[in-house]
A.B. asks: 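The structure's right below; bear with me while I get my questions together.
Since we're looking at a predicted model, the values are computed, not measured. In listed order, ligands and their atoms are each counted from 1.
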Amino acid sequence: MHITIIGTGYVGLVSGAGLADFGMKVFCVDKDEEKINKLKNGIIPFYEPGLEELVKKNVKANRLFFTTNLEEAVKNSLVVFICVGTPPNPDGSADLSQIKEVALSLAEIIDEYKVIVTKSTVPVGTNRWIKNLIDSNKKTSVAVDIISNPEFLREGSAVEDFMHPDRVVIGGESSYAIAIIKDIYRPLYLAETPFIITNLETAELIKYATNAFLATKISFINEIANFCEKVGADVTTVAKGIGIDPRIGSKFLNPGPGFGGSCLPKDVKSLIHQGRKVSSPFRLLEAVIEVNEKQKLRVIEKLEKFLGDLKDKTIGILGLSFKPNTSDVRESPALSIIPVLLEKGAKVKVYDPVAMEEFRKAAKGLNIEYASDPLNCATQTDGLVLLTEWNEFRFLNLSQLKKVMKNPLIIDMRNIYEPSVVKSLGFSYEGIGRL
Ligand code: NAD
């Protein structure tokens, strides 16, 4: 089976390498020449554990290819996966311009039967729209089938998630095309991964409903954490106590500085927008976003509680990626918090184990000092804020840290330190929702 993947970002590259590992011949296409050149030279354009090895293995086995030539790749493939970005528009709706561009290019190229599979997260109804776009613009009368196959991988564990997913969702109308996609995922089927076969709209909505539910869990526990601080309860124990109930589940019950990343914020906003369009408002999700926006500013409140006016105070920030094990800084809490600190007149130093380069690009124009390591980041600061729970931050030498700080204050927005231990070392310390 020959496959084309359009869009070689987090989803496209992991899916391409994963499908090649299943034994298929995969052509990964991107319009970003620099990205394709890097990949041809064995350089992975972003940090994702295990991906480099998987890519190298499959390139060496002559199953994985990188190109900017869409036509050649598509002509050689029966199945074409669309993995381009669907970023948010200012009104919260999904920007489908990359999808539209791909659909129109495919219409130009296709001259024999193809199965077009949408892996990008797209609003309900988009797959039908893509099929209509291709059908009404293609040059020949050949048939094209469309399949919705949303992706659930998580950055930081994307390879593992692709190889061992919780489920595979396949939405479509053509039983022939569904059978082809099931065949592609046969190694997972044999490993007893649940397959959900449904119509296009249901498959599209499963993706949004999943992310909306996860975001709801995070905003819920963040509000519980804020309440804990007022009433003397401990959120860590509350989360444990409720998560043990199988109807609730223990995952996604960690309070923090608000959710970020390239998926949760944009997908929740898009679903809200989709609901409004058909007069079926998502009032709960509107609150989820509002709670999240407020949560990002809790760090500022906590710093002001200890330091008063932040003007001319130096604040160190540990963790710039939106979560550990990724270099992705899209909608990371750091990107929301740092501009507020700067506005208040604070000086800001930052450090992240892998996301420094991406953060520099995203924070262009902001007057920030980039530190070489955590100790350097803490040096001469009035307070140190932990935003991302990278493992290397869990084992910092706190006594050494205290020596270099101007004022020994730690605001731990991920609750990775034991409050009594940190305080016993002479720090002022505050986590989130903890005693
Ligand atoms: P990304 O921005 O990392 O990658 C998208 C790629 O598509 C880029 O390399 C871009 O150059 C390329 N591209 C855009 N237009 C193109 C065109 N016309 N031809 C060829 N290439 C083109 O995006 P991503 O994070 O991989 O996300 C892709 C989609 O998958 C989005 O809809 C996203 O919501 C969804 N998704 C992402 C994740 C995640 O964790 N990142 C997880 C599940 C689903």
A.B. asks: I'd like to know whether Glu201 forms a salt bridge (Lys or Arg N to Asp or Glu O under 4.0 Å) with Arg128, so could you lay out the CA-CA distance, the side-chain angles of the two residues, the decisive distance to 0.1 Å, and finally the verdict.
C.D. replies: CA-CA 9 Å; Glu201 288 75 11; Arg128 227 170 262 288; 2.7 Å; yes
A.B. asks: Between the candidates Leu264, Thr8, Thr121, which shows the shortest non-hydrogen contact distance to atom 35 (C) of ligand 1?
C.D. replies: Thr121
A.B. asks: Do me a favour and list the nearest non-hydrogen protein atom to atom 4 (O) of ligand 1 with residue, atom name and distance?
C.D. replies: Gly9 CA, 3.2 Å
A.B. asks: Any idea which protein heavy atom is nearest atom 8 (C) of ligand 1, and the distance to it?
C.D. replies: Asp30 OD2, 3.4 Å
A.B. asks: Going by the atom numbers of ligand 1, which of them fall below 4.0 Å from some non-hydrogen atom of Val102?
C.D. replies: 17 (C), 18 (N)
A.B. asks: Quick one: CG on Leu366 to CZ on Arg360, what's the gap to the nearest 0.5 Å?
C.D. replies: 12.5 Å
A.B. asks: Indicate yes or no for a side-chain donor-acceptor contact from Glu155 to the backbone of Asp328 under 3.5 Å, with no hydrogens or angles considered.
C.D. replies: no
A.B. asks: Report, in ascending order of atom number, the atoms of ligand 1 lying under 4.0 Å from any heavy atom of Gly7.
C.D. replies: 6 (C), 7 (O), 12 (C), 21 (N)
A.B. asks: Any Lys/Arg nitrogen of Lys131 or Glu173 sitting under 4.0 Å from an Asp/Glu carboxylate oxygen of the other?
C.D. replies: no
A.B. asks: Evaluate the ring planes of Phe27 and Phe65, with Trp represented by its six-membered ring, and classify them as parallel (under 30°), tilted (30 to 60°) or perpendicular (over 60°).
C.D. replies: parallel
A.B. asks: Any side-chain heavy atom of Ile5 sitting closer than 4.5 Å to one from Leu19?
C.D. replies: yes
A.B. asks: I need the atoms of ligand 1 closer than 4.0 Å to a non-hydrogen atom of Cys83, numbered in the order shown.
C.D. replies: 5 (C), 28 (C)
A.B. asks: Only heavy atoms of Thr86, strictly under 4.0 Å: list the atoms of ligand 1 that pass.
C.D. replies: 31 (C), 32 (O), 34 (O)
A.B. asks: Suppose we measure from atom 25 (O) of ligand 1 to each protein heavy atom; which comes out shortest, and what is that distance?
C.D. replies: Arg330 NH2, 3.0 Å
A.B. asks: Could you identify the single nearest non-hydrogen protein atom to atom 5 (C) of ligand 1 and state the distance to 0.1 Å?
C.D. replies: Gly85 N, 3.7 Å
A.B. asks: Tell me whether ligand 1 is touched by Lys266 - counting only heavy atoms on the residue side and a distance under 4.0 Å.
C.D. replies: yes
A.B. asks: Hey, what's the ring geometry for Phe22 with Tyr185, parallel, tilted or perpendicular (30° and 60° as the breaks)?
C.D. replies: perpendicular
A.B. asks: Quick check, are the ring centers of Tyr208 and Phe282 under 6.0 angstrom apart?
C.D. replies: no
A.B. asks: Determine whether Leu271 and Val268 satisfy the following criterion, side-chain contact (heavy atoms from CB on, under 4.5 Å), listing intermediate values before the conclusion.
C.D. replies: CA-CA 5 Å; Leu271 188 54; Val268 176; 5.9 Å; no
A.B. asks: Kindly assign one of parallel, tilted or perpendicular to the pair Phe195 and Tyr189, based on the angle between their ring planes and the thresholds 30° and 60°.
C.D. replies: perpendicular
A.B. asks: For Lys57 and Glu53, what are the C-alpha separation, side-chain angles and deciding distance, and is it a salt bridge (Lys or Arg N to Asp or Glu O under 4.0 Å)?
C.D. replies: CA-CA 6 Å; Lys57 176 183 161 199; Glu53 294 80 350; over 6 Å; no
A.B. asks: Could you measure the distance from the CG atom of Asp21 to the CZ atom of Arg63? Nearest 0.5 Å is fine.
C.D. replies: 6.0 Å
A.B. asks: Is the contact between Ser262 and ligand 1 made by the side chain, the backbone, both, or neither, using heavy atoms and a 4.0 Å cut-off?
C.D. replies: side chain
A.B. asks: Which one holds for Lys207 and ligand 1: side chain close, backbone close, both close, or neither close, with close meaning a heavy atom under 4.0 Å?
C.D. replies: side chain
A.B. asks: Relative to the heavy atoms of Leu153, which atoms of ligand 1 are at a distance of less than 4.0 Å?
C.D. replies: 40 (O), 42 (C)
A.B. asks: Quick check: Val11 and ligand 1, any N/O pair under 3.5 Å apart?
C.D. replies: yes
A.B. asks: Would you give the length of the straight line joining atom CD1 of Ile221 to atom SG of Cys228, rounded to the nearest 0.5 angstrom?
C.D. replies: 7.5 Å
A.B. asks: Under 3.5 Å between any N/O of Arg154 and any N/O of ligand 1: does that happen in this structure?
C.D. replies: no
A.B. asks: Considering non-hydrogen atoms of the protein only, which is the closest contact for atom 19 (N) of ligand 1, and what is the distance?
C.D. replies: Ile6 CG2, 3.7 Å
A.B. asks: Quick test: of every protein heavy atom, which one is nearest to atom 22 (C) of ligand 1, and how far off is it to 0.1 Å?
C.D. replies: Val84 CG1, 3.6 Å
A.B. asks: List ligand 1 atoms under 4.0 Å from Tyr10, heavy atoms only on the residue side.
C.D. replies: 3 (O), 25 (O), 26 (O), 41 (N)
A.B. asks: Would you sort out whether Glu331 and Leu335 count as a side-chain contact (heavy atoms from CB on, under 4.5 Å), showing the intermediate values?
C.D. replies: CA-CA 7 Å; Glu331 300 218 25; Leu335 274 176; over 6 Å; no
A.B. asks: What part of Lys31, side chain from CB on, backbone N/CA/C/O, both or neither, has a heavy atom under 4.0 Å from ligand 1?
C.D. replies: both
A.B. asks: Of Glu151, Lys119, Lys100, Glu155, which has the heavy atom at the shortest distance from atom 43 (C) of ligand 1?
C.D. replies: Glu151
A.B. asks: Below 4.0 angstrom from a heavy atom of Gln98, which ligand 1 atoms are there? Numbered from 1 as shown, please.
C.D. replies: 14 (C), 15 (N)
A.B. asks: Please indicate whether any nitrogen or oxygen in Lys35 is less than 3.5 Å from any nitrogen or oxygen in ligand 1.
C.D. replies: yes
A.B. asks: Which atoms from ligand 1 have a heavy atom of Glu101 less than 4.0 Å away?
C.D. replies: 18 (N)
